[in-house]
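Everything numeric here is computed off the predicted structure, so don't read it as measured data. The figures that follow rest on heavy atoms only: side chains count, while hydrogens, waters and symmetry mates do not.
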Amino acid sequence: MVLDTGSELSWLHCKKTPNLNSVFTPQVSKSYKPVPCGSPVCKTRTRDLPVPASCDPNNKLCHVAVSYADASSIEGNLAHENFVIGSSTQPGFLFGCMDSGYSSNSEEDSKTTGLMGMNRGSLSFVSQMGFPKFSYCISGFDSSGVLLLGDARFSWLGELNYTPLIQISDPLPYYDRVAYTVQLEGIKVGNKILDLPRSAFVPDHTGAGQTMVDSGTQFTFLMGPVYTALRNEFLQQTRRVLQVYNDPNFVFQGAMDLCYRVMGLSRPSFSNLPRVSLMFQGAEMSVSGERLLYRVPDMNKGSDSVYCFTFGNSDLLGIEAFVIGHHHQQNVWMEFDLVKSRVGFAEIRCDLAGQKLGIGPLGPHKKRM
């Protein structure tokens, strides 16, 4: 299942199609119970979903639909099933049994059976399972990593820096109340802090401008004025070491308009680039080296490759928020403490953390945005 801290509903593919290697078959389960339209669960438990549940006229079952920023969408019926993970069993777990939808990346879809919604909504996986805390670590080296559900302490894991989770109880049109929202306070390129007012990072009266930690989004997206300031400063500091790819018509993934021509087709290290630090209340996340640039697949200019800056412009995506994606969470131990309402992080080699725990691979999924 795809691990997604940016969404609530967990779901499984329930209808076999040619491109899906793995589906859940409810017909062979004795504990599977679809939720009928008339059940109070259909209305009350789905209140935080972006699209309200409806009634499927064909079977009188509770119908759920979810869509993602990469334009993919999926729909099906809400149902109860026993979910077992480790030694924990959750009878009557509510999830989506999905039978139709549109995928913008069917190749990635074929590798998974569904999605694990991990936000703070009442239907999310962590809320229903009752875990007080969860952590994950995604390796940028070989796509291995770990997901840890529950509390644990490891001597090899250093001190974590914590930033509080922000909550606004009033419903606002552009504010996601069940997201993992933190307070971004500034951005540093090398040793230079961008000259921006604090108000540039604070949600306005409509809720636009919250900062969300989202493992289901690949890259990091910043609101227009902040993105422009970062883009200009990074351009300025790298003008002697990087050659800009000047094609005004090319914007990678619709929101990343700062790209470079890099000599040769082999993988460069980019160790000479200035690090970009995201400064949160009480903590800092640094992005350096090859995590700053991403090679555009199947796009070469002669013997050169095209690489794009891994920060994009939220405004171009139509998103009224700052989003910290999983590319910048690679090789960072990410802890979500739901009891103390905080997020902690520490830089670590995630492939080594996986080896220490004796756990197999957990890979980044490049689909949700």
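With hydrogens and angles left out, the side-chain atoms of His13 and Thr113 include no donor and acceptor closer than 3.5 Å. Between Asn246 and Tyr260, the side chains place no donor N or O within less than 3.5 Å of an acceptor N or O (distance only, hydrogens not considered). Between the side chains of Glu335 and Tyr162, at least one donor-acceptor pair of N or O atoms lies under 3.5 Å. Residues Gln329 and Ser215 have side chains that never bring a donor and an acceptor to within less than 3.5 angstrom of each other. In the model, Thr181 has a side-chain atom that pairs as donor or acceptor with a side-chain atom of Gln210 under 3.5 Å. Side-chain N/O atoms of His326 and Thr217 include no donor and acceptor closer than 3.5 Å. Judged by distance alone, the side chains of Arg120 and Thr5 never bring a donor and an acceptor atom under 3.5 Å apart.
Within a 6.0 Å sphere centred on NZ of Lys340, other residues, nucleotides and ligands contribute 12 heavy atoms or fewer.
Leu184 CG to Met285 CE: the interatomic distance, rounded to the nearest 0.5 Å, is 10.5 Å. Rounded to the nearest 0.5 angstrom, Asp351 CG and Cys137 SG are separated by 8.5 Å. Rounding to the nearest 0.5 Å gives a distance of 7.5 Å between CG of Leu196 and CD1 of Ile187. Considering CD of Glu233 and OG1 of Thr238, their distance stands at 9.5 Å, rounded to 0.5 Å. Atom OH of Tyr136 and atom CG of Leu3 lie 6.5 Å apart (nearest 0.5 Å). The OG atom of Ser155 sits 7.5 Å away from the NZ atom of Lys356 when rounded to the nearest 0.5 Å.
Residues satisfying the ring-ring contact (aromatic ring centres under 6.0 Å, His included) test with Tyr175, not counting sequence neighbours, are none. Among residues two or more places apart in sequence or in another chain, the ring-ring contact (aromatic ring centres under 6.0 Å, His included) test is passed with Phe93 by Phe83, Phe125. By the ring-ring contact (aromatic ring centres under 6.0 Å, His included) test, Tyr32 pairs with no residue at all, sequence neighbours left out. In terms of the ring-ring contact (aromatic ring centres under 6.0 Å, His included) criterion, residue partners of Phe309 (sequence neighbours excluded) are, by chain and number, Phe234, Phe311.
Residue pairs satisfying the side chain to side chain donor-acceptor pair (under 3.5 Å) criterion with at least one member in residues 274-289, sequence neighbours excluded, are listed as follows: Arg275-Ser286, Ser277-Ser286.
In this structure, Arg261 is not positioned above the aromatic face of Tyr245 in the sense of NZ or CZ being under 6.0 Å from the six-membered ring centre and within 45° of the axis.
Two rings, from Tyr307 and Tyr294, have their centers 6.0 Å or more apart. Proximity of the aromatic rings of Phe131 and Phe336 is defined here by a centroid distance below 6.0 angstrom, and this criterion is not met.
Using a 4.5 Å heavy-atom cutoff, the side chains of Phe134 and Leu148 are not in contact.
Applying the 4.5 Å side-chain rule to ILVMFWY residues, one finds Ile193 in the same cluster as Met279.
Distance check for Cys55 and Cys42: the SG atoms are not under the 2.5 Å cut-off.
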